[in-house]
Number of protein chains: 2
Amino acid sequence: MDKNLKRMATMHRMQVTGLELFYKNGYYNTSIDDILKSLSLSKGAFYYHFQSKEDFFVSIVQNLIVRKVYSMLIEPIEGKENPFLVIEKCFENALETAEHNEMDYGFILSNFISEFNRRNTVISNYLMDIYKVWEVNLISILQKGKSDGYVDRHVDSEGVATYLISSYMGVRTLMVQGNCRNLRYKYMQQLRQYFNSLTQKEAV
Amino acid sequence: MDKNLKRMATMHRMQVTGLELFYKNGYYNTSIDDILKSLSLSKGAFYYHFQSKEDFFVSIVQNLIVRKVYSMLIEPIEGKENPFLVIEKCFENALETAEHNEMDYGFILSNFISEFNRRNTVISNYLMDIYKVWEVNLISILQKGKSDGYVDRHVDSEGVATYLISSYMGVRTLMVQGNCRNLRYKYMQQLRQYFNSLTQKEAV
DNA sequence: ATTTTTACCGACCACTTAGTCGGTAAATAA
DNA sequence: TTATTTACCGACTAAGTGGTCGGTAAAAAT
């Protein structure tokens with residue numbers, strides 16, 4: 001399949017550096033030359049491996065961004081435990097990681113969704129696919145939480161998922177402008193407050 | 001003061017069209033020529049009134065964006081009524097307006113905060129100033145709500161403000177990708193759920 | 001040993017970018 | 001009437017922009 005190791009290695013190098021710069025400076029504010037310069041590669045190399053800037057970015061979304069979001073926000077959320085505790089732990093961990101990252105420029109998925117919204121539907125769709133998986137994952141753990149008696153049966157799982165994703169995306173945007181620690185603390189406290197109101201009250 | 005009417009009129013026209021295009025396509029993806037073409041004005045006119053693209057954008061922030069955010073999200077939130085109902089009404093109205101706007105490209109403030117985050121600190125600061133006023137305004141109405149017996153005294157007003165702003169910014173980002181109606185509905189329902197958990201329970 | 005493919009180079013192209021500058025018609029001030 | 005200022009024009013510049021293309025050294029296939 002991908003026995004062409006050299007090819008894969010170079011493409012991967014380009015994708016990694018590309019993502020780094022796109023994430024840091026934005027897609028429209030990063031030129032292919034910028035990426036090539038930082039890799040000491042030439043135009044020829046780039047267009048040998050990728051058809052266009054857009055094609056290049058799509059490959060980055062499907063290879064790198066998908067995995068980043070999966071490992072940080074999707075995979076950690078599963079299991080038969082209390083969904084609220086699992087989600088809380090996952091979000092706390094994600095925010096803490098961002099907080100300690102000197103090079104944090106916001107939530108990668110939300111940054112690009114916002115940058116491409118209505119401006120490039122091809123890329124937007126690939127990004128929204130990731131969002132949808134995340135959403136479905138949250139909904140399913142909340143539903144499971146209902147049958148396991150953690151989540152109140154009247155709770156609208158889809159609504160909660162939407163609210164969770166919205167608030168997470170928003171707080172990550174705000175965190176880029178300093179005071180992350182305080183933002184995280186306040187955010188997590190309100191998240192717990194919110195979760196508490198969704199928790200199944202034990203029958204007495 | 002601003003008796004130079006012609007000057008003001010032209011500048012204002014440029015700012016309005018500039019904001020339109022910056023909002024639609026993003027700052028880095030919109031050239032001055034784009035704006036000038038759509039106004040049938042020349043380079044000379046632009047650099048007669050503004051020093052640079054950045055200076056131009058700053059003037060847009062301080063004149064137009066400030067007012068938009070104020071009138072939509074800050075001014076409606078005041079008075080001595082129940083803060084939760086006031087905020088709910090204000091958010092509902094803002095989301096509904098966005099929903100029915102064919103040309104909606106997301107929450108203007110959050111879009112630009114995200115686009116300039118760490119990439120242009122001068123502009124970022126002007127944008128964050130608006131955010132801060134919004135935040136202070138929310139905090140103050142929540143505090144007033146405590147003394148008026150609407151808001152539970154244990155509630156952390158700053159935390160609630162952060163959570164509100166975060167979730168609003170997030171949901172507006174998501175709304176650009178269709179299904180706005182459903183998103184708004186789900187969001188508002190969860191907002192009420194959250195508010196309910198913060199409401200002062202009447203002593204029996 | 002020869003041919004073909006791979007992976008890359010870098011000059012080049014048409015076009016766009018933010019910004020400059022000499023000019024000018026009309027309005028205003030003297 | 002004359003001098004000056006206002007508001008704007010548009011050609012120009014230097015530095016990019018995404019993308020093309022002929023070439024080439026080394027590796028792989030024959």
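Naming: A, B, ... by sequence-line order, numbering from 1 per chain.
Atom CZ of Arg13(A) and atom C1' of dC8(C) are 12 Å apart (whole Å). With rounding to whole Å, Lys53(A) atom NZ is found 15 Å from dG16(D) atom P. If you take CZ of Arg7(B) and P of dT28(C), they are 15 Å apart, rounded to a whole angstrom. In this structure, OH of Tyr48(B) is placed 15 Å from P of dA27(C), rounded to the nearest angstrom. At whole-Å resolution of the value, CE in Met11(A) and P in dT6(C) are 14 Å apart. Counting to the nearest Å, the P atom of dG19(D) and the CZ atom of Phe56(A) are 12 Å from each other. One atom, CZ of Phe46(A), and another, C1' of dC21(D), lie 16 Å apart when rounded to the nearest Å.
Not counting sequence neighbours, the partners of Ser167(B) by the side chain to side chain donor-acceptor pair (under 3.5 Å) test are Tyr187(B). In this view, Leu85(A) and Asn82(A), Glu88(A) satisfy the side chain to side chain contact (heavy atoms under 4.5 Å, CB included) rule, not counting sequence neighbours. With sequence neighbours excluded, no residue forms a side chain to side chain contact (heavy atoms under 4.5 Å, CB included) with Ser140(A). Under the salt bridge (Lys or Arg N to Asp or Glu O under 4.0 Å) criterion, Lys43(A) pairs with Asp33(A), not counting sequence neighbours. Residues satisfying the salt bridge (Lys or Arg N to Asp or Glu O under 4.0 Å) test with Lys53(B), not counting sequence neighbours, are none. Not counting sequence neighbours, the partners of Ser124(B) by the side chain to side chain contact (heavy atoms under 4.5 Å, CB included) test are Gln177(A), Phe116(B). Taking Tyr70(B) as the reference, Val66(B), Ile74(B), Glu75(B), Val133(B) meet the side chain to side chain contact (heavy atoms under 4.5 Å, CB included) condition, with sequence neighbours excluded. With sequence neighbours left out, Tyr126(A) forms a ring-ring contact (aromatic ring centres under 6.0 Å, His included) with no residue at all.
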Original post:
For every nucleotide of nucleotides 21-26 of chain C, 5' to 3': is a protein heavy atom under 4.0 Å from its base (B), only from its sugar-phosphate (S), or from neither (-)?
Top reply: ------
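Side-chain atoms of Asp34(B) and Ser31(B) include a donor-acceptor pair closer than 3.5 Å.
Within residues 22-39 of chain B, no residue places a heavy atom under 4.0 Å from DNA chain D.
Residue His49(A) places at least one side-chain N or O under 4.0 Å from the OP1 or OP2 atom of dC8(C). The side chain of Ser52(A) contributes no N or O atom lying less than 4.0 Å from OP1 or OP2 of dG18(D).
Candidate nucleotides dA7(D), dC8(C), dC9(D) were compared by shortest atom distance to the side chain of Ser42(B), and dC9(D) ranks first.
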Would you be so kind as to tabulate the donor-acceptor pairs closer than 3.5 Å made by side chains of residues 17-30 of chain A, with sequence neighbours excluded?
{"residue": "Thr17(A)", "atom": "OG1", "partner": "Arg13(A)", "partner atom": "O", "Å": "3.2"}
{"residue": "Tyr23(A)", "atom": "OH", "partner": "Asp104(A)", "partner atom": "OD1", "Å": "3.2"}
{"residue": "Tyr23(A)", "atom": "OH", "partner": "Tyr105(A)", "partner atom": "N", "Å": "2.8"}
{"residue": "Tyr23(A)", "atom": "OH", "partner": "Gly106(A)", "partner atom": "N", "Å": "3.3"}
{"residue": "Tyr23(A)", "atom": "OH", "partner": "Gly106(A)", "partner atom": "O", "Å": "2.7"}
{"residue": "Tyr27(A)", "atom": "OH", "partner": "Glu54(A)", "partner atom": "N", "Å": "3.4"}
{"residue": "Thr30(A)", "atom": "OG1", "partner": "Leu21(A)", "partner atom": "O", "Å": "3.2"}
{"residue": "Thr30(A)", "atom": "OG1", "partner": "Gly26(A)", "partner atom": "O", "Å": "2.6"}

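Comparing the end axes of the helix from dT2(C)-dA29(D) to dA30(C)-dT1(D), each fitted to five base pairs by superposing C1' atoms of four pairs onto the next four, gives an inter-axis angle of 0° (nearest 10 degrees).
Between Glu102(B) and Arg118(A), no side-chain nitrogen of the basic residue sits less than 4.0 Å from a carboxylate oxygen of the acidic one, so the salt-bridge criterion is not met.
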